[in-house]
Amino acid sequence: MAESPTSGPLNVIREGDCAVLKRDEVFKAVSVLKRRKIIFEKQWFYLDNAIGHIYGTTFEVTSGGSLQPKKRVEEATAETKEAGTDNRNIVDDGKSQKLTHDDIKALKDKGIKGQEIVQQLIENSATFRDKTEFAQDKYIKKKKKKYEAVITIIKPSTRILSTMYYAREPGKINHLRYDTLAQMLTWGNVHAGNKMIIMETCAGLVLGAAMERMGGYGSIIQMYPGGGVVRAATNCFGFPESFFQKLYEFPLSKVGSLLSGTFSFEASSSETEGSTPLADEDDRSLDEKQLSVQEADTECGTEIPMESCQPEEQEMADLPSDGEALGNDKTKTTMHDKQRKQEERRKKLTEAAALLKDKDADGLIVASRFHPAPLLLSLLEFVAPSRPFVVYCQYKEPLLECYTKLREKGGVVNLKLSETWLRNYQILPDRSHPKLTMSGGGGYLLTGITVINENLKTDDCSEQKTEEPASKKRKLQDP
């Protein structure tokens, strides 16, 4: 994809970008804005100095909250490499460290960096050299995590954002684990040029993952309940505007009328005037506004700079009394903008309905907190034959009901109900083993492929065979 002349390289941090802060295994999505205070892992800083650097750069938080690129750490000296054979004679009595809490605080007040504090802790530890090499590494890692204020700024991706949500707020994504999301994209055959139907209540994470894989090619129709869509996680990806040109939304409340042929564009557009299906900052639905307040610390798409939160009332208050004409002009401009946005919504809704009416979607993905059976049975009507579908649910029983109903109805093959299983491994020299803690469950997937429903065909054929064909009548009359 060609870059605009003013956009700059895609791997460079720019003001207004959505980025992810990383420290050890903790992530947080933020907007890169100047003169904005960020609080992350008990550290506060500003991202001004990070602008212009490459994504993946590691920064050190200095005094005053400024970020400075971290230099490469030199190899450990021979003195710190001295290690014991075992830890049997080491007694944890709290007296092995000579530096007190006040001494460490004094070092911090002098502006000494965390790396130097860790080195002094090593030198003043009476038992450090008696520990084994593995125990020394664990000690250093623990102290670095406590005293070194180091963060890494990375570019958002499906893997990073899904890991962040699952670790921080799994309830907002229906406990959808990252490996399960990867299998959904694979089973759903999501790729560039597809026409996908997505129904999800995972804060827009599944939608963003599909958009990232499609790369701006193809079209996506997002089915949404209530007054409008929620795309908090989608906004964290930082997609360009071209990605949203082929993104449509359609209310679930109008699916029945669309299938029965009684769908009215005028009725739907009049209803959407009161609601706000688009995910604009200024024109969100009430549900999304409430969600954005809760997600202000984690979602970059809902974070608004403090300067922009000031309404235009200040400007109006400073105007002289003879400025009423200007106020009327602003009101007219606002009304014109609202009408223009309503026309855009009508156009988008019309296009989404036309795409669904064709009933030739290339895939269907459902990941909702609602019962999947009625959603799946109705949305499968818009999918073309020989196309895959995927349904995610945190629990097995709703998917079993879907499995039974699809078997009875027909029109699908290769039905499969599966559970993903994940175990993380620690990979270190002479210490590779499964981690002690692992995820208890990543949810369940129901997958299958649509086909032409033979049951409906046989019913039609039986109706046609009730009357004897004319050619057969002629043969019987010839003799």
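Listed for the D17 side chain is no donor-acceptor partner under 3.5 Å among the backbone atoms of S31. Proximity of a side-chain donor or acceptor of Q222 to a complementary backbone N or O of M199 within less than 3.5 Å is not detected. Using modelled atom types, no side-chain atom of Q43 and backbone atom of A149 make a donor-acceptor pair closer than 3.5 Å. The backbone N or O of R35 lies less than 3.5 Å from a partner atom in the side chain of D48, making a donor-acceptor pair. Side chain of K22 to backbone of D24: a donor-acceptor contact under 3.5 angstrom is found. Panel note: side chain N49, backbone L67; a donor-acceptor pair is recorded below 3.5 Å.
Going from atom CE of M438 over to atom CG of N424 covers 8.0 Å, rounded to the nearest 0.5 Å. Atom-to-atom distance recorded for T201:OG1 and I173:CD1 is 11.0 Å, nearest 0.5 angstrom. Taking CG of L406 as the start and CD of E401 as the end, the distance is 10.5 Å to the nearest 0.5 Å. Atom CG of L380 sits about 4.0 Å away from atom CG of L376, to the nearest 0.5 Å. Rounded to the nearest 0.5 angstrom, F250 CZ and L355 CG are separated by 10.5 Å. Here the straight-line distance linking atom CZ of F237 with atom CG of L205 works out to 5.5 Å at 0.5 Å rounding.
Between the side chains of Y166 and S439, at least one donor N or O sits under 3.5 Å from an acceptor N or O. Using modelled atom types, one finds no donor on one side chain facing an acceptor on the other under 3.5 Å when comparing S257 with T262. No side-chain donor from either of T420 and Q183 sits under 3.5 Å from a side-chain acceptor of the other.
T57 places none of its side-chain heavy atoms less than 4.5 Å from the side chain of T152. Looking at V150 and V61, their side chains never come closer than 4.5 Å, going by heavy atoms from C-beta outward. Between I153 and V20 there is no side-chain heavy-atom pair separated by less than 4.5 Å. Between I365 and M184, some side-chain heavy-atom pair lies under the 4.5 Å cut-off. Taking the side chain as every heavy atom from C-beta outward, F382 and L259 approach each other to under 4.5 Å. The shortest distance between side-chain heavy atoms of I197 and F389 does not fall below 4.5 Å. A 4.5 Å side-chain heavy-atom check between K155 and I54 finds every atom pair outside the cut-off. Looking at V12 and Y55, their side chains never come closer than 4.5 Å, going by heavy atoms from C-beta outward.
For E133 and K138, the salt-bridge test fails: no basic side-chain N is under 4.0 Å from an acidic carboxylate O. Here E381 does not pair with K357 in a salt bridge; the nearest charged N to carboxylate O distance is not below 4.0 Å.
Side-chain rings of Y444 and Y395 stay apart, their centers remaining 6.0 Å or farther from each other.
When every heavy atom of H175 is checked against every heavy atom of Y392, the shortest pair comes out as O-OH, 2.9 Å. Taking every heavy atom of both residues into account, N453 and K409 meet most closely at ND2-O, 3.2 Å. Of all heavy-atom pairs spanning A233 and L161, the tightest one is O-CD1, 4.2 Å. Of all heavy-atom pairs between P388 and G188, the closest is CG-O, 3.6 Å. Residues P372 and L399 come closest through the heavy atom pair CG-CD2, 4.1 Å. Heavy-atom minimum distance, F244 versus M211: CE2-CE, 4.1 Å.
The salt bridge (Lys or Arg N to Asp or Glu O under 4.0 Å) contacts involving residues 360-370 comprise K195-D360, D362-R387, where partners must be two or more places apart or lie in separate chains.
Crowding of K359 atom NZ: a count of heavy atoms from other residues, nucleotides or ligands under 6.0 Å exceeding 12. When the shell of 6.0 Å around CG of L436 is examined, it contains 12 or fewer heavy atoms from other residues, nucleotides or ligands. By the neighbour-count criterion of 12 heavy atoms within 6.0 Å, atom CZ of F370 is densely surrounded, having more than that number from other residues, nucleotides or ligands.
Under the side-chain contact (heavy atoms from CB on, under 4.5 Å) criterion, A182 pairs with no residue at all, not counting sequence neighbours. Under the side-chain contact (heavy atoms from CB on, under 4.5 Å) criterion, E41 pairs with R23, V26, sequence neighbours left out.
No cation-pi contact links K28 to F40, judged by a cut-off of 6.0 Å to the six-membered ring centre and 45° from its axis.
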Going through the checks in order, is the side-chain hydrogen bond (donor to acceptor under 3.5 Å, both in side chains) test met by T62 and S66?
CA-CA 6 Å; T62 60; S66 62; 2.6 Å; yes
Starting from the C-alpha separation in whole Å, work towards a yes-or-no answer on salt bridge (Lys or Arg N to Asp or Glu O under 4.0 Å) for E343 and R346.
CA-CA 5 Å; E343 288 296 329; R346 284 197 197 96; 2.7 Å; yes
Test T180 against L445 for side chain to side chain contact (heavy atoms under 4.5 Å, CB included), laying out the working first.
CA-CA 8 Å; T180 308; L445 291 179; 4.0 Å; yes
Given salt bridge (Lys or Arg N to Asp or Glu O under 4.0 Å), test K172 with E169 step by step and report yes or no.
CA-CA 6 Å; K172 291 184 178 178; E169 296 169 313; 3.1 Å; yes
Give the intermediate values and the outcome of ring-ring contact (aromatic ring centres under 6.0 Å, His included) for residues H191 and Y217.
CA-CA 8 Å; H191 60 80; Y217 299 96; over 10 Å; no
Apply the test side chain to side chain contact (heavy atoms under 4.5 Å, CB included) to residues S368 and E200: give CA-CA distance (whole Å), side-chain angles for both, the deciding distance (0.1 Å), then the verdict.
CA-CA 5 Å; S368 172; E200 59 114 312; over 6 Å; no
In sequence, state the C-alpha distance, the side-chain angles, and the governing distance for V390 and V366, and then conclude on side chain to side chain contact (heavy atoms under 4.5 Å, CB included).
CA-CA 6 Å; V390 188; V366 178; over 6 Å; no
Would L252 and L375 count as a side chain to side chain contact (heavy atoms under 4.5 Å, CB included) here? Give the steps.
CA-CA 9 Å; L252 281 174; L375 295 173; 3.7 Å; yes
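Ring planes of Y46 and W44: perpendicular class, angle over 60° (limits at 30 and 60°).
Evaluated for a salt bridge (Lys or Arg N to Asp or Glu O under 4.0 Å) with E249, the options K348, R345, R231 yield exactly one hit, R231.
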